[in-house]
Colleague: 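What follows is a single structure, and I will ask about it in a moment.
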2 protein chains.
Amino acid sequence: MGAPLPRDPIADAQHNWEERGWSDVAAPMAAITAIMRTQQILLARIESVLKPFGLTFARYELLALLSFARSGALPMNKASALLQVHPTSVTNAVDRLERAGLVARSPHPTDGRTTLIELTSEGRTVAKRATAVLNSEVFGQSGFESADVDQLIRILGSFRRNAGDFTD
Amino acid sequence: MGAPLPRDPIADAQHNWEERGWSDVAAPMAAITAIMRTQQILLARIESVLKPFGLTFARYELLALLSFARSGALPMNKASALLQVHPTSVTNAVDRLERAGLVARSPHPTDGRTTLIELTSEGRTVAKRATAVLNSEVFGQSGFESADVDQLIRILGSFRRNAGDFTD
DNA sequence: GCAATATACTAGGACATCCAAGGGTTTGGA
DNA sequence: TCCAAACCCTTGGATGTCCTAGTATATTGC
């Protein structure tokens with residue numbers, strides 16, 4: 001956005017919390033705020049890389065999910081569950097991907113309520129190329145130490161499990 | 001959203017990455033995806049707590065920032081920089097907070113380009129009460145182990161510094 | 001078998017974020 | 001002094017997310 005700040009605004013907030021006598025929750029507040037900000041930074045990097053492909057992160061995630069499905073097709077409700085987003089968000093993403101010719105809707109063979117989303121061959125190509133660039137430009141240069149990556153996976157995995165994302 | 005999944009979708013994605021030969025970036029990919037999902041869960045909790053106050057997280061952050069400013073007022077560009085969001089997002093938040101009577105715009109005394117945002121007394125009251133509930137309902141029950149909170153603050157703090165958020 | 005309930009997707013609305021562009025104000029160099 | 005460049009805020013547009021409600025199809029229970 002702009003130039004770096006002279007001080008860490010989240011550390012400042014943590015100090016403010018402690019000064020007000022909320023020391024018991026100051027650290028979790030700072031951690032949660034840091035997660036918010038980190039997500040914002042990472043999302044911006046990802047979207048910047050995907051822009052040349054005409055993709056957003058939401059649409060890329062759907063393409064990637066489909067590309068890993070054996071049949072190359074998934075019911076919309078399944079995609080919604082796996083991506084952990086609201087069904088209307090999937091409808092929105094599919095609308096745009098379909099208009100771009102990267103996926104196609106088709107009726108479910110036995111359940112009239114269900115719509116299957118299927119990768120087109122162009123969709124598969126775009127997914128492959130976008131993934132390659134994301135791997136090299138974002139995931140390969142995350143800025144996290146290797147040991148910290150393991151810590152994040154452990155800590156956030158535990159959090160997500162406790163939050164009810166999955167049972168394992 | 002829905003019921004817990006039988007398996008962790010992010011761990012599955014990491015395995016898929018490894019199977020395709022992208023083992024070198026599979027772990028950072030999983031960590032980054034986990035940050036995205038964690039942010040989503042935390043944001044939902046926060047918004048749920050703030051809803052009774054007629055606040056969103058974006059508006060709450062602005063109120064909280066103002067409540068910690070000595071004078072109780074800040075220029076909009078300063079708020080934009082400290083909250084690390086685009087100036088138009090601040091304009092949007094101030095518009096709504098002003099309509100709700102929680103903040104007021106006033107001209108800067110010496111710089112005609114600048115607009116100051118000031119807490120109203122009602123705004124200060126709402127900020128105080130919203131903070132109390134957030135502290136007890138979200139930050140006080142984050143679900144993170146105390147040691148993990150420290151790890152998160154360290155890891156994400158380092159990341160944000162490297163990303164150019166601040167120099168310290 | 002049929003009505004009541006549950007499930008799947010979509011339409012419309014509220015919010016937030018960013019970008020691009022425009023209008024007003026200040027600053028700084030020729 | 002004066003005009004160009006820099007800065008500040010706002011408007012308008014695109015996208016994503018969620019919620020609520022509505023339509024269509026399946027499933028269940030009597």
Side-chain angles (χ1 to χ4, degrees), chain A residues 1-3 36-37 39-51 53-63 74-100 103 105-117, chain B residues 1-3 36-37 39-51 53-63 74-100 103 105-117:
Chain A
M1 210 77 48
M36 299 293 192
R37 174 58 186 156
Q39 186 267 353
Q40 192 179 24
I41 294 168
L42 290 169
L43 182 60
R45 287 187 191 174
I46 291 171
E47 301 260 322
S48 157
V49 162
L50 293 177
K51 190 160 197 158
F53 295 97
L55 292 176
T56 62
F57 187 48
R59 293 178 225 167
Y60 167 77
E61 277 196 299
L62 184 51
L63 281 189
L74 279 179
M76 297 196 52
N77 64 334
K78 196 91 178 175
S80 170
L82 291 173
L83 297 175
Q84 321 223 228
V85 296
H86 200 278
T88 54
S89 297
V90 176
T91 294
N92 184 317
V94 171
D95 283 350
R96 297 172 195 280
L97 287 171
E98 192 172 35
R99 243 177 284 155
V103 306
R105 281 179 166 93
S106 66
H108 189 286
T110 64
D111 189 334
R113 297 168 300 181
T114 300
T115 299
L116 293 175
I117 331 165
Chain B
M1 210 77 46
M36 299 295 193
R37 174 59 186 155
Q39 186 266 353
Q40 192 180 24
I41 294 168
L42 290 169
L43 182 61
R45 288 187 190 173
I46 291 171
E47 301 261 322
S48 156
V49 162
L50 292 177
K51 190 160 198 157
F53 295 98
L55 292 176
T56 61
F57 186 48
R59 293 178 225 167
Y60 167 76
E61 277 197 299
L62 184 51
L63 281 190
L74 279 179
M76 299 200 47
N77 64 334
K78 196 92 177 174
S80 169
L82 291 173
L83 297 176
Q84 321 223 227
V85 294
H86 200 278
T88 54
S89 297
V90 176
T91 295
N92 184 315
V94 171
D95 283 349
R96 298 173 194 279
L97 288 170
E98 193 171 35
R99 245 176 283 155
V103 307
R105 281 180 167 91
S106 67
H108 189 285
T110 65
D111 188 335
R113 297 169 300 181
T114 300
T115 299
L116 293 175
I117 330 165

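Below, chain A is the first sequence line, B the second, and so on; all start at residue 1.
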Colleague: If you look at every strand shown and take non-hydrogen atoms under 4.0 Å, does B:Thr88 touch a base, only sugar-phosphate, or nothing?
Modeller: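 Base, at least one base heavy atom under 4.0 Å.
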Colleague: Which part of the nucleic acid, if any, lies within reach of A:Thr110 when heavy atoms closer than 4.0 Å are counted: base, sugar-phosphate only, or nothing?
Modeller: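 Here A:Thr110 touches the backbone only, sparing every base.
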Colleague: Output yes when a side-chain donor or acceptor of B:Ser80 lies under 3.5 Å from a complementary backbone atom of B:Val85, and no otherwise.
Modeller: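 At least one qualifying donor-acceptor pair exists.
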Colleague: 5'-most contact on DNA chain D: A:Phe57 or A:Gly112, nearest heavy atom basis?
Modeller: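 Nearest-nucleotide comparison on DNA chain D picks A:Phe57.
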Colleague: Taking OP1 and OP2 of C:dA16, is either one under 4.0 Å from a side-chain nitrogen or oxygen of B:Arg59?
Modeller: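 Looking at the OP1 and OP2 atoms of C:dA16, one of them is under 4.0 Å from a side-chain N or O of B:Arg59.
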Colleague: Hey, does A:Asn92 reach any base, or is it just sugar-phosphate, or nothing, if we go heavy atoms under 4.0 Å?
Modeller: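 Base contact.
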Colleague: For the side chain of A:Pro87, counting heavy atoms from C-beta on, which of D:dC8, D:dC18, C:dT10 is nearest?
Modeller: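 For the A:Pro87 side chain, the nearest candidate turns out to be C:dT10.
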Colleague: Does C:dT10 have OP1 or OP2 under 4.0 Å away from a side-chain N or O of A:Arg105?
Modeller: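 Result: yes.
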Colleague: How close or far is atom P of C:dA14 from atom CG of B:Leu55, stated in whole angstroms?
Modeller: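 Distance, rounded to whole Å: 18 Å.
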Colleague: B:Thr56 has a side chain; which of D:dA6, D:dT10, C:dC15 sits nearest to it?
Modeller: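 Selected nucleotide (nearest to the side chain): C:dC15.
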Colleague: On DNA chain D, nearest-nucleotide positions of A:Ala93 versus A:Asp111: which is more 5'?
Modeller: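 This one resolves to A:Ala93.
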Colleague: With a 4.0 Å limit, can you tell me whether A:Gln40 has a side-chain N or O closer than that to the phosphate oxygens OP1/OP2 of C:dA16?
Modeller: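 Looking at the OP1 and OP2 atoms of C:dA16, neither is under 4.0 Å from any side-chain N or O of A:Gln40.
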Colleague: Please name the pair of heavy atoms, one in A:Val103 and one in A:Val94, separated by the smallest distance, quoted to 0.1 Å.
Modeller: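 Nearest heavy atoms, A:Val103 then A:Val94: CG2-O, 4.1 Å.
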Colleague: Applying the side chain to side chain contact (heavy atoms under 4.5 Å, CB included) criterion to A:Arg45, which one of A:Ile41, A:Leu43, A:Val49 satisfies it?
Modeller: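 Exactly one option meets the side chain to side chain contact (heavy atoms under 4.5 Å, CB included) with A:Arg45, and it is A:Ile41.
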Colleague: Tell me the interatomic distance from B:Met36, atom CE, to D:dT17, atom P, rounded to whole angstroms.
Modeller: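 Value for this atom pair: 11 Å.
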Colleague: Taking only the side-chain nitrogens and oxygens of B:Arg99, find out if one of them lies under 4.0 Å from OP1 or OP2 of C:dC15.
Modeller: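 Looking at the OP1 and OP2 atoms of C:dC15, neither is under 4.0 Å from any side-chain N or O of B:Arg99.
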Colleague: On DNA chain C, check which nucleotide each of A:Asp95 and A:Lys51 is closest to and give me the residue with the more 5' one.
Modeller: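 Whichever sits nearer the 5' end wins; that is A:Asp95.
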Colleague: Apply the test side-chain contact (heavy atoms from CB on, under 4.5 Å) to residues B:Leu55 and B:Leu97: give CA-CA distance (whole Å), side-chain angles for both, the deciding distance (0.1 Å), then the verdict.
Modeller: CA-CA 9 Å; B:Leu55 292 176; B:Leu97 288 170; 3.9 Å; yes
Colleague: Would you classify A:Thr91 as touching base, sugar-phosphate or nothing, given that sugar-phosphate means primed atoms plus P, OP1 and OP2, and contacts are heavy atoms under 4.0 Å?
Modeller: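 Counting heavy atoms under 4.0 Å across all strands, the contact made by A:Thr91 includes a base.
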Colleague: Between atom CG in B:Leu50 and atom C1' in C:dA16, what is the gap in whole Å?
Modeller: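 It works out to 14 Å between those atoms.
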Colleague: Give the rounded distance in Å between these two atoms: CD of B:Glu47 and P of C:dA16.
Modeller: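 B:Glu47 atom CD is separated from C:dA16 atom P by 8 Å.
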Colleague: Atom CG of A:Leu62 to atom C1' of D:dG16: distance rounded to whole Å?
Modeller: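 My rounded result for the distance is 13 Å.
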Colleague: Within less than 4.0 Å of OP1 or OP2 of D:dG16, is there a side-chain N or O belonging to A:Arg96?
Modeller: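 Affirmative; the distance criterion is met.
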Colleague: Need one value for B:Thr114: base, sugar-phosphate or nothing, where a base atom within 4.0 Å counts as base even if backbone is also close, heavy atoms only.
Modeller: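 Touches sugar-phosphate only.
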Colleague: What pairs with A:Glu47 under side chain to side chain donor-acceptor pair (under 3.5 Å), at least two apart in sequence or on another chain?
Modeller: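 Here no residue qualifies.
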Colleague: Can you tell me the distance, in whole Å, between the CD1 atom of B:Ile46 and the C1' atom of C:dA16?
Modeller: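 One finds 14 Å between C1' of C:dA16 and CD1 of B:Ile46, rounded.
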Colleague: Could you go through the side-chain contact (heavy atoms from CB on, under 4.5 Å) check for A:Arg105 and A:Asp95 one step at a time?
Modeller: CA-CA 9 Å; A:Arg105 281 179 166 93; A:Asp95 283 350; 2.9 Å; yes
Colleague: For A:Leu83 and D:dC18, give me the distance from atom CG to atom C1', rounded to whole Å.
Modeller: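 Answer to the nearest Å: 16 Å.
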Colleague: Rounded to the Å, how far apart are A:Leu42 CG and C:dC18 C1'?
Modeller: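 Roughly 17 Å, once rounded to whole Å.
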Colleague: So which nucleotide from C:dT25, D:dT17, C:dA8 ends up closest to the side chain of A:Val85?
Modeller: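 So the nucleotide nearest the side chain must be D:dT17.
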Colleague: Nearest to the side chain of A:His86, which nucleotide is it out of D:dC9, C:dA16, D:dC18?
Modeller: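 The nucleotide sitting nearest to the side chain is D:dC18.
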